[in-house]
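Below is one structure, written out as structure tokens, with a few remarks after it.
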Amino acid sequence: MAHIPDRPVRTRFAPSPTGSLHIGGARTALFSWLLAKHYDGKFILRIEDTDRTRYVEGSLEELLDGLRWLGITWDEGPDVGGSYGPYTQSERLEHYHKWAAWLVENDKAYRCYCTAERLAQVNEEKKKRGEQLGYDRHCRYLTPEERAQREAEGLSSVVRLKAPLDGQTTVHDLIHGEITFDNSTIQDAVLLKSDGFPTYHLAVIVDDHLMEISHVTRSSEWLPSLPLHVTLWNAFGWQMPYYAHLPVILNPNGKGKMSKREVFMPDGTQVPTLVRDYKAAGYIPEAVVNFLTNIGWNFGDDREVFTVEESIERFDITKVNPANAAFPFDKLNWLNATYIQNMPTDVLAAHLRQPLEEAGLTVDSDETLRRIAPLVQERLKFYKDIVDWAGFFFREPFVAAPPEDLIQKKMDAESTAQALERAYEVLSQIDDFTHERLLEKMDALATELGLKRGQMFGVLRVAVTGQRVAPPIFETMEIIGKDKCLTRIQQAAESLKQLT
RNA sequence: GCCCCCAUCGUCUAGCGGCCUAGGAUGUCACCCUUUCAAGGUGAAGACACGGGUUCGAGUCCCGUUGGGGGUACCA
């Protein structure tokens, strides 16, 4: 049964500005976004920059660019604003201070004066004794006098949660169902750091509440801190959002969380990890989104290729597979090629100019591109493959293949030269230089010379394109034009003389 | 160590007690088509981790084992 929210749907993606958008983060953002869009809700972007030491200059723009490229749009966020702003946590400190103080006043939290050194020492001793690690709650039990004394001394302090000491906490997760934890495992976590910034735990609860987030979607790495968060919701007495912990994307070999860098397929090919790397590698954003949607979720009807609108229509957060998934990178390459094959030819043509120009070639007219596009459409895996497939259309001067490449199977220099010479004669007589006519004449010539089509056409292909592998030869010749074809064929015939 | 999550072809997945001699996709390998290369077509190999229950009946429910993943910070 599908999930029916009892409140307006507002989901958020809350990255830290610590670098460029990771493909795993993009998947989390995408699922949150699909959830919101499915219910005609709002998708909010919030920046969680509460750790000043990890801040990376320029990463906010990187994050936004990555999402924009994928087509994941946000209704509220640091750049566009919204009525729940500001959307950057470092600009919301007053809220965290206010609510941290509230917790202390209401006996839900306390100030802790322990030094990092003492904390380390406590853990070391616990380790030695084989006890569970964690804060020993020393300051939780300070007397008012002791507390006053420390304040008077001006000791720096943090605010810690008073975690429940016993009992159990059960939470319902939209993807995982009921999850139960022993409260004894909940730490007296730091909520407000000594530098005045909140930790994730405090900030996420305060902001999700203030921003009226209806569904918390995040990677299941967060599952262990769920009881802590529930404790906080209860301490504040606020209505809890729905929770959905998404499966983690593992490295392609299934070993460990997908890394931020240096990821390889079992066969050794490198896998891009940053969204901007996908863009740079020439992936089609729609294909990447389609690909990501298929990890942990299934469209149904045995369909794997669909538009984002279709997935919004069908998306069901409760049907997300709770199991972690190895990153199925090879499917993306297939999908990218599928997207190229399925797009209208003129759309493809428009995408071909840029890679050609980036390769230093001059594209004179869009018309040429439109004529070439149908010849290469089912051969391209990426737009940039056009350079290898059809660069010869634009390369000036023409780069001929080495003469030995002209010689086809079971042929020699002599028979090859003869084929070229005869082809030259026949072709120069043709006025309507169309592929149909060329096929007809060259087919006949092959028969005349006692050659197989593959041999005859192969010789022409190498002579005219300079490549052994190229688009269909007669369509190609038609586009290149009679004059150039004849010149190249003549040159090819000439070049064979070097071999004799 | 402790806590939590997870477990179907190599991989991504369908399956929510009988429709399963387990479906799709990708990848791999054949064959067909063929003007090279692709694309396309056909086909093949390929999985319910294991052990107990529950049930007339289990891939599907329960327990355990094993395996994998995550967490265990004044990082998120």
Side-chain angles (χ1 to χ4, degrees), chain A residues 14-16 18 48-51 53-54 112 114-116 119 123 127 130-135 156-160 173 175-176 179-182 184-187 189-195 197-201 203-204 218-227 245 247-248 250 252-257 265-267 291 294-305 319 321-335 337 341 376-381 385 389 408 439 442-443 446 452-458 460-462 465 467-475:
Chain A
S16 296
T18 55
E48 308 213 323
D49 59 343
T50 57
D51 184 356
T53 63
R54 293 207 310 158
C112 165
C114 293
T115 61
L119 260 28
N123 260 341
K127 203 174 205 170
E131 289 175 24
Q132 193 176 326
L133 303 185
Y135 181 54
S156 90
S157 66
V158 300
V159 172
R160 284 185 184 272
D173 181 278
I175 294 172
H176 294 265
I179 303 170
T180 301
F181 301 84
D182 281 332
S184 61
T185 64
I186 305 174
Q187 295 283 315
V190 172
L191 302 177
L192 201 62
K193 301 185 255 186
S194 54
D195 66 0
F197 277 69
T199 58
Y200 171 81
H201 306 300
V204 74
R218 65 203 338 183
S219 150
S220 49
E221 288 153 44
W222 290 106
L223 227 28
S225 49
L226 186 53
H245 286 86
V248 173
L250 274 21
N253 61 7
K255 297 282 174 206
K257 272 199 297 187
M265 289 297 281
D267 70 5
F291 163 73
N294 278 323
I295 305 176
W297 187 70
N298 181 274
F299 186 83
D301 298 346
D302 285 338
R303 277 226 280 154
E304 304 231 349
V305 184
K319 295 290 248 319
N321 184 163
N324 293 165
F327 193 64
F329 183 61
D330 49 0
K331 282 189 131 181
L332 175 58
N333 291 326
W334 159 75
L335 247 190
Q341 281 180 51
V376 295
Q377 185 152 24
E378 63 215 19
R379 289 164 236 267
L380 300 180
K381 301 269 184 281
D385 292 346
W389 273 103
Q408 301 297 301
L439 170 61
M442 291 301 100
D443 199 15
K452 291 190 171 165
R453 283 178 151 208
Q455 293 174 306
M456 184 68 229
F457 299 177
L460 288 171
R461 171 173 297 106
V462 178
T465 69
Q467 302 179 178
R468 291 189 127 151
V469 174
I473 185 60
F474 302 120
E475 285 84 346

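Bear in mind the structure is a predicted one, so any value in this text is a computation, not a measurement. Letters A, B, ... are given to chains in the order of the sequence lines, protein chains preceding strands, and every chain is numbered from 1.
Using a 4.5 Å cut-off on side-chain heavy atoms (C-beta onward), A:Val158 and A:Arg160 make contact. Contact check for A:Leu192 versus A:Phe197: no side-chain heavy atoms found under the 4.5 Å cut-off. For the pair A:Ser220 and A:Asn324, the minimum side-chain heavy-atom distance is below 4.5 Å. A 4.5 Å side-chain heavy-atom check between A:Gln408 and A:Lys452 finds every atom pair outside the cut-off. With contacts defined as side-chain heavy-atom distances shorter than 4.5 Å, the pair A:Ile175/A:His245 does not qualify. Residues A:Leu223 and A:Arg218 are not in side-chain contact: their nearest non-hydrogen atoms beyond the backbone lie 4.5 Å or more apart. You'll find the side chain of A:Arg379 stays beyond 4.5 Å of the side chain of A:Asp385, heavy atoms only. A:Lys381 has its side chain out of reach of A:Asn333: every pair of non-hydrogen atoms, C-beta onward, lies at least 4.5 Å apart.
A close approach under 4.0 Å does not occur between any side-chain nitrogen or oxygen of A:His245 and OP1 or OP2 of B:C5. Put simply, A:Thr50 has a side-chain N or O that comes within less than 4.0 Å of OP1 or OP2 on B:A76. At least one side-chain nitrogen or oxygen of A:Lys193 sits closer than 4.0 Å to the OP1 or OP2 atom of B:C75. A:Lys127 has no side-chain polar atom (N or O) that falls below the 4.0 Å cut-off from OP1 or OP2 of B:U72.
Base pairing of B:C2: its partner is B:G71, meeting the Watson-Crick or G-U wobble criterion (both donor-acceptor distances under 3.5 Å). For B:C29, the paired nucleotide is B:G43, the pair qualifying as Watson-Crick or G-U wobble because both relevant distances are below 3.5 Å. Pairing for B:U54 is absent, judged as Watson-Crick or G-U wobble with the two contacts each under 3.5 Å. Look at B:C9: it lacks any Watson-Crick or wobble partner with both distances under 3.5 angstrom. Of all nucleotides present, only B:U65 satisfies the Watson-Crick or G-U wobble test against B:A49, with each distance under 3.5 Å.
As rounded to the nearest Å, B:U60 and B:C2 have P atoms that lie 28 Å from one another. With both ends at atom P, the span from B:A22 to B:C16 equals 16 Å, rounded to whole Å. B:U66 and B:A49 are spaced 8 Å apart, taking the C1' atom of each and rounding to whole Å. Straight-line distance between the P atoms of B:U21 and B:U72: roughly 46 Å, to the nearest whole Å. Rounded to the nearest Å, the gap between the P atom of B:A14 and that of B:G52 is 28 Å. B:U28 and B:C6: their C1' atoms are spaced 28 Å apart (whole Å). Of the C1' atoms belonging to B:A25 and B:U8, the separation is 15 Å, rounded to the nearest Å. Taking atom C1' on both B:C62 and B:U42, the two are 45 Å apart, rounded to the nearest angstrom.
Comparing A:Ala323 and A:Tyr200 along RNA chain B, the residue whose closest nucleotide (by nearest heavy atom) sits nearer the 5' end is A:Ala323.
Taking atom CD of A:Gln132 as the reference point, atom P of B:G71 lies 16 Å away to the nearest angstrom. Look at CG on A:Asn123: it is 13 Å from C1' on B:C74, rounded to the nearest Å. Whole-Å rounding puts the A:Asn333 CG to B:U28 P distance at 11 Å. Computed from coordinates, the A:Phe181 CZ to B:C2 P distance equals 17 Å when rounded to whole Å. Between the CH2 atom of A:Trp222 and the P atom of B:G71 there is a distance of 10 Å, rounded to whole Å. Rounding to whole angstrom units, CG of residue A:Asn298 and P of B:U26 are separated by 14 Å. At whole-Å resolution of the value, CD in A:Gln187 and C1' in B:C75 are 16 Å apart. When rounded to the nearest whole Å, the span between CG of A:Leu223 and C1' of B:C4 equals 6 Å.
Residue side chain A:Ser194 reaches the base of B:C74 through a donor-acceptor N/O pair under 3.5 Å, judged by distance alone.
In this structure, of B:G15, B:G71, B:G23, it is B:G71 that holds the atom nearest to the side chain of A:Pro224. Taking the side chain of A:Lys257 as heavy atoms from C-beta on, and the options B:A76, B:U13, B:G71, the nearest nucleotide is B:G71. The A:Val190 side chain lies nearest to B:C74 when the options are B:G23, B:A76, B:C74.
A:Phe329 and A:Phe327 have parallel rings, their planes meeting at less than 30° on a 0 to 90° scale where 60° marks the start of perpendicular. Ring orientation note: the planes of A:Phe474 and A:Phe457 are nearly perpendicular, at an angle over 60° on the 30°/60° scale.
Contacts of A:Thr180 with the nucleic acid, taken as non-hydrogen atoms under 4.0 Å apart, involve only primed sugar atoms and P, OP1 or OP2. If you check every strand for non-hydrogen atoms under 4.0 Å, A:Val158 touches a base. Backbone-only engagement by A:Gly256 is indicated by non-hydrogen atom pairs under 4.0 Å involving sugar-phosphate atoms exclusively. As judged by a 4.0 angstrom heavy-atom cut-off over every strand, A:Arg303 is placed among residues making no nucleic acid contact. The residue A:Asn321 sits close only to the backbone: its heavy atoms come under 4.0 Å of sugar-phosphate atoms, none of a base.
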Inset, instruction - Using a 4.0 Å heavy-atom cut-off, write out nucleotides 33-48 of chain B from 5' to 3' as B (base contacted by protein), S (sugar-phosphate only) or - (no contact). - result: --BBBBS---------
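For the 3.5 Å distance criterion, the side chains of A:Asp51 and A:Thr53 qualify, holding a donor opposite an acceptor.
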Inset, instruction - Show your reasoning for whether side chain to side chain donor-acceptor pair (under 3.5 Å) applies to A:Thr465 and A:Gln467. - result: CA-CA 5 Å; A:Thr465 69; A:Gln467 302 179 178; 4.9 Å; no
Atom pairs under 3.5 Å: protein N/O with N/O of nucleotides 10-12 of chain B:
| unit_1 | atom_1 | unit_2 | atom_2 | d |
| --- | --- | --- | --- | --- |
| B:C12 | OP1 | A:Ala326 | N | 2.7 |
| B:C12 | O2' | A:Asn294 | O | 3.0 |
| B:C12 | O2 | A:Lys331 | NZ | 2.9 |

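In terms of the side-chain hydrogen bond (donor to acceptor under 3.5 Å, both in side chains) criterion, A:Gln455 has no residue partners (sequence neighbours excluded).
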